[in-house]
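Note that the structure is a prediction, hence the values are computed from the model and not measured.
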Amino acid sequence: MTQPDRFDDAVRRMLSASADGHVPADLAAGVLEDTAGRRQRRGWFRGPPMVGRIATLAALAAVVVIIVIGLAPSLRGPASPAASTPGATSAPSFRLTADGLSLAVPAGWKVTKQNLELHYETILAYVGTGTGSMTCGSDYIPGLGGTCVQTLNLPANSIVVKVSSWDGPPDPKGMVNYLRSSDPGASPVVVGEEAGVVETIPLAQADEHDGADTVLEWTFQRPGGDPNRHYTVEAYLKGPDDSSIRAQLNALIASITTGN
């Protein structure tokens with residue numbers, strides 16, 4: 001096989017290797033036609049052996065460049081999504097998991113993890129479009145509590161949700177059943193496949209609510225059969241237009257799963 005034939009054969013193999021549609025057929029034919037024409041016009045492989053090798057390598061390099069250009073769109077992968085419009089959040093949603101409870105935090109919400117052990121209650125986290133936290137004084141003792149203060153930052157049309165786990169107070173029937181029997185405003189619900197109730201908490205009875213217009217609380221059992229172990233999800237909403245954040249809150253509640 002002559003050197004020009006070897007060159008043509010190499011070009012055909014390279015083009016055949018990319019015959020998945022990324023290099024158009026007319027481009028492939030044009031490459032072969034162009035290289036044949038160049039040999040006839042310029043006598044590429046007629047010089048001394050070394051010159052011929054150099055010319056061959058240069059020609060092969062040119063063909064590789066043409067093939068890479070043809071393949072470039074597929075090598076780059078799918079096009080990047082359009083940039084977010086001003087004011088839109090680009091933060092992805094994710095699952096928050098703590099003490100056997102897991103829930104989907106909506107995109108753009110802020111998260112403050114606490115794991116703060118009070119008396120019976122352990123505050124797991126605050127999530128929302130606003131922010132929340134609980135701080136305790138020097139008398140704080142883990143598991144016993146102390147002088148602790150909740151602080152919420154609730155701009156207009158925002159929400160902060162406090163997520164807690166509980167191991168009391170002791171009651172033979174448990175907190176969920178106690179609320180069902182004692183609060184006529186408690187509505188039965190199922191959260192994470194567990195029995196529970198949802199209540200609207202009067203602002204006068206809510207923890208430091210920092211200007212919230214509405215306080216909703218879901219109380220539901222923890223798996224395992226102990227009636228005194230339960231979770232609470234307490235939502236602080238600030239209007240005047242809270243329709244969109246209520247939809248996100250409902251999606252958060254629906255996303256909850258529980259383990260032991």
Which heavy-atom pair separates [X] from [Y] by the least distance, and what is that distance?
X      : Y      : value
Thr97  : Ser102 : OG1-OG, 3.3 Å
Pro223 : Thr258 : CG-OG1, 3.5 Å
Pro227 : Pro172 : CG-O, 3.9 Å
Pro106 : Gln248 : CB-NE2, 3.9 Å
Ser255 : Ala104 : OG-N, 2.8 Å

Hey, could you give me the [atom1]/[atom2] distance between [X] and [Y], rounded to the nearest 0.5 Å?
X      : Y      : atom1 : atom2 : value
Gln114 : Thr122 : CD    : OG1   : 11.0 Å
Leu216 : Thr200 : CG    : OG1   : 5.0 Å
Phe220 : Ile256 : CZ    : CD1   : 4.0 Å
Glu194 : Thr219 : CD    : OG1   : 13.5 Å
Trp109 : Thr131 : CH2   : OG1   : 13.0 Å
Ile245 : Thr129 : CD1   : OG1   : 5.5 Å

Fellow cluster residues of Val160, listed by chain then number, with links counted only when side-chain atoms sit under 4.5 Å apart:
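Once heavy-atom contacts under 4.5 Å are chained together, Val160 belongs with Leu116, Leu118, Ile123, Tyr126, Met134, Tyr140, Leu152, Leu154, Ile201, Leu203, Val215, Tyr236.
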Begin from the C-alpha positions of Asp99 and Arg222 and carry the test salt bridge (charged side-chain N to carboxylate O under 4.0 Å, His left out) through to its verdict.
CA-CA 10 Å; Asp99 200 12; Arg222 294 186 61 163; 3.2 Å; yes
With sequence neighbours excluded, give me every salt bridge (charged side-chain N to carboxylate O under 4.0 Å, His left out) pair touching residues 143-167.
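As it turns out, the salt bridge (charged side-chain N to carboxylate O under 4.0 Å, His left out) pairs with a partner in residues 143-167, which skip direct neighbours, are Glu121-Lys162, Lys162-Asp207, Lys162-Glu234.
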I'd like to know if the side chain of Thr151 pairs up with that of Asn153 as donor and acceptor (distance under 3.5 Å, no hydrogens or angles considered).
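Side-chain D/A pair, Thr151 to Asn153: absent.
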For a 4.5 angstrom cut-off between non-hydrogen side-chain atoms, does Pro170 reach Tyr120?
yes
For a 4.5 angstrom cut-off between non-hydrogen side-chain atoms, does Val127 reach Leu252?
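In short, these two side chains touch, coming nearer than 4.5 Å.
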Hey, is the main chain of Asp241 close enough, under 3.5 Å, to the side chain of Asn157 for a donor-acceptor pair?
yes
Measure from the side-chain N and O atoms of Asp242 to the backbone N and O of Leu237, and report whether any donor-acceptor pair falls under 3.5 Å.
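Looks like no, no N/O pair under 3.5 Å.
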Cluster link Ile253 to Leu103, ILVMFWY, side chain under 4.5 Å:
yes
The test is side-chain contact (heavy atoms from CB on, under 4.5 Å); show your working for Leu96 and Lys113 and say whether it passes.
CA-CA 9 Å; Leu96 172 68; Lys113 294 183 179 180; 3.7 Å; yes
Show me, pair by pair, the donor-acceptor contacts under 3.5 angstrom made by side chains of residues 175-188, not counting sequence neighbours?
residue: Asn177; atom: ND2; partner: Lys173; partner atom: O; Å: 2.9
residue: Ser181; atom: OG; partner: Asn177; partner atom: O; Å: 3.1
residue: Ser181; atom: OG; partner: Tyr178; partner atom: O; Å: 3.0
residue: Ser182; atom: OG; partner: Tyr178; partner atom: O; Å: 2.7
residue: Asp183; atom: OD1; partner: Gly185; partner atom: N; Å: 2.9

